[in-house]
2 protein chains.
Amino acid sequence: MPRIVTLAAAQLGPIQKADGREVAVGRMVRLMERAHRRGAEVVVFPELALTTFFPRWYHEDLADADHWYETAMPSDATAPLFEAARRYGIAFHLGYAEKTPEGRRFNTAILVHPSGEIVLKYRKVHLPGHAEYDPRRRVQHLEKRYFEVGDLGFPVVRAPVGAQEANVGLMICNDRRWPEAWRVMGLQQVEIVMLGYNTPSLNMENRGFEAHHLRVFHSHLSVQAGAYQNACFAVATAKAGTEDGHELFGHSIIVNPQGEIMAQATSWDDELIVADCDLDMCALGRSTIFDFARHRRPEAYRRIVEQTGSVAPPAWRPGGGTAQAAD
Amino acid sequence: MPRIVTLAAAQLGPIQKADGREVAVGRMVRLMERAHRRGAEVVVFPELALTTFFPRWYHEDLADADHWYETAMPSDATAPLFEAARRYGIAFHLGYAEKTPEGRRFNTAILVHPSGEIVLKYRKVHLPGHAEYDPRRRVQHLEKRYFEVGDLGFPVVRAPVGAQEANVGLMICNDRRWPEAWRVMGLQQVEIVMLGYNTPSLNMENRGFEAHHLRVFHSHLSVQAGAYQNACFAVATAKAGTEDGHELFGHSIIVNPQGEIMAQATSWDDELIVADCDLDMCALGRSTIFDFARHRRPEAYRRIVEQTGSVAPPAWRPGGGTAQAAD
């Protein structure tokens, strides 16, 4: 009996700065209705799905940014999503800016069961960008200003997903480029990674030989390698299109444990893609070439946790050699 | 001034079981001559380049396999490679089976300076396959029988490479699928990763839903992701073609720090591919999106070194929840 789960990525087109949450939530409810018609059991929405990607806007005083954050989940504004989940019997993944009762701010994602219960919460660990206004940049990317580093690690949980049980993990946007995040989940037998992103089509750092045309390639390369090397499915959902005058790329994808793209969004607008995912496909990689217990050598990996930044290697000179080369 | 190094991958066609080392060495010397004509400054030969891929053959008594190993480097048989390096002023990378004076056996690679000095030695850490004869397999893959796990870590060294100085690291075959290996080198500012491989075109494990047509994709995916995520060049060189009746895929590639393939072999025979690699291209990634010191979070990566195999995640039940979901 194959263990099939029908997964959907619900890409969102742009959400403008002036749009209230009811605009985004209304569009998301329509995508959940479409997902129901397509037989999907889980719908993955993007990162920061309720508003524009506000870290491009600078507020000197953090309190002036408070309106971008959710202080309760669900709330009056987001209740229609929870109602749609119950109505259609569909689970959903939602990214949003979280402000806790203690005033801490996180870039957060949750997986919500059709009952409305929160199955899993994740807070983004790899915050890109910068904390202070950067006059060199054409567009700001102030995630390090608006969010603390997530304090929940990379949790995986075994939970009902449609008619199956599956090991599910969440990551957010830039996390997908870091093989450490994938591996920490792989070491918890993750079978489905859900992630949302808001990624500009153009690099805004003005740092020389950029490669705008490679940005979708880099996103897909990271997701496909992460799925292959950890023998899991991945649903990677974009917010896409021209938002506040700035382009975000789309190309949301669903990837299998062989690293193959099963479905891909091709618009820059609200778009649903769906794939039947047989969770038993995860078994091949993890019992053969990626049987971690048999093949991993953590004693050779210690730099990964003992260093944060890189260090220069020793130098070798002809006639001189190095300690390493002496053998 | 760009820091350009001209790198070559010298793919080898098959080396049959009956071929003596002089056959392989003769072909490699001709490839070094061709590399000289093409202006290459470093030539990367494959893994176990001097013989057939002998781990497909079972010997009950390890002593009966002794003739596959080198006990000296250089030796009478390999001296012509070192002479060609001096003659042409070209460095080379060579993979071979090493037996030490103490009788230890490793799957080894070296980088040799044009002077004939050994700049860097690496012993393969991620040994695939198995240690005992496996009657289920159509072809054996006995690397775990014939080699110990490498004891040199993943060293990187700064050394003269052509007219430049570069940070060079070595890996071997299956290592390329493990992001840990790439990251340990990235944390040492590696600029050029050299690696050789012998990879069968067909999976020989008979374990169900295989994907023969994806094997080259998986190899390229791993090398391209490793190069992109660590902002380095990679030269990945195959032994290719039908060896002892068994197919090895080719598709040797040279990859830049954006993960792009700059050159690719398209035969299953001896073939040289060459690319001009500007080492300054490594600076973009490592000073922006992959600025490790600014963005990595080792406190969230501890499972990578504290676990070898994977562990099952906690379960979540509707109405019950888990510790993780309680927030």
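A note on names: the letters A, B, ... follow the listed sequences, proteins ahead of strands, and every chain is numbered from 1.
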Worksheet item: Would you say B:Trp316 and A:Pro160 make side-chain contact, with heavy atoms under 4.5 Å?
Response: yes
Worksheet item: Is the closest side-chain heavy-atom distance between B:Lys144 and A:His295 below 4.5 Å?
Response: yes
Worksheet item: Top residue by heavy-atom pair count (under 4.5 Å) with chain B, among A:Val311, A:Asp291, A:Val184?
Response: A:Val311
Worksheet, complete the sentence: If one checks every heavy atom of A:Tyr301 against chain B at 4.5 Å, the contacting part turns out to be both
Item to complete: Examine whether an atom of B:His218 lies under 4.5 Å from a heavy atom of chain A, and if so say whether it belongs to the side chain, the backbone or both; otherwise answer neither.
Response: both
Fill in: Leading residue by heavy atom contact count with chain A [cutoff under 4.5 Å; candidates B:Arg297, B:His130, B:Glu299]
B:Arg297
Practice prompt. Please look at A:Leu111 and chain B and tell me whether the side chain, the backbone, both or neither of the residue comes under 4.5 angstrom of a heavy atom of that chain.
Written response: neither
Fill in: Given A:Arg303, A:Arg183, A:Glu180, the one that forms side chain to side chain contact (heavy atoms under 4.5 Å, CB included) with B:Arg183
A:Glu180
Worksheet item: Taking every heavy-atom pair that is under 4.5 Å apart, which of B:Gly259, B:Pro318, B:Gly186 has the most such pairs with chain A?
Response: B:Pro318
Discussion item. Given heavy-atom pairs under 4.5 angstrom as the criterion, report whether the side chain, backbone, both or neither of A:Leu214 touches chain B.
Written reply: side chain
Worksheet item: With sequence neighbours left out, what residues match A:Arg286 under side chain to side chain donor-acceptor pair (under 3.5 Å)?
Response: none
Worksheet item: Heavy-atom distance under 4.5 Å to chain B: side chain of A:Phe290, backbone, both or neither?
Response: both
Discussion item. So does B:Trp178 get a backbone contact from the side chain of A:Gln229, meaning a donor-acceptor N/O pair under 3.5 Å?
Written reply: no
Item to complete: Just give me the residue among A:Ile304, A:Asn167, A:Leu127 that pairs up with chain B most often, heavy atom to heavy atom, under 4.5 Å.
Response: A:Ile304
Worksheet item: Roughly how far apart are A:His126 NE2 and B:Arg296 CZ, rounded to 0.5 Å?
Response: 7.5 Å
Fill in: Pairwise distance CD1(A:Ile289) to CZ(B:Arg177) - rounded to 0.5 angstrom
4.0 Å
Response to the item:
Output for pair (A:Leu187 CG, B:Glu306 CD), nearest 0.5 Å, gives 11.0 Å
Worksheet item: Looking at B:Ser310, B:Gly309, B:Gly319, which one has more heavy-atom pairs under 4.5 Å with chain A than the rest?
Response: B:Ser310
Fill in: Residue B:Asp151 versus chain A: region with a heavy atom under 4.5 Å
neither
Discussion item. Suppose we screen for ring-ring contact (aromatic ring centres under 6.0 Å, His included). Which residues come up paired with B:Tyr197, at least two apart in sequence or across chains?
Written reply: B:Phe249
Practice prompt. Check whether any side-chain heavy atom of B:Pro313 sits under 4.5 Å from a side-chain heavy atom of A:Val157, and report yes or no.
Written response: no
Worksheet item: Taking 4.0 angstrom as the limit, do A:Arg317 and B:Glu165 come out as a salt bridge?
Response: yes
Item to complete: Under 4.5 Å, heavy atom to heavy atom: which of residues 219-228 of chain A reach chain B? Give them by number, or say none.
Response: A:Leu221, A:Ser222, A:Gln224, A:Ala225, A:Tyr228
Worksheet item: Of the non-hydrogen atoms in B:Ala293 and A:Thr308, which two are nearest, and what is the gap between them?
Response: O-CG2, 3.8 Å
Worksheet entry | Partner set under ring-ring contact (aromatic ring centres under 6.0 Å, His included) for B:Phe82, not counting sequence neighbours | B:Phe92
Item to complete: Measure distances from B:Val149 to the heavy atoms of chain A and classify the residue's part below 4.5 Å as side chain, backbone, both or neither.
Response: side chain
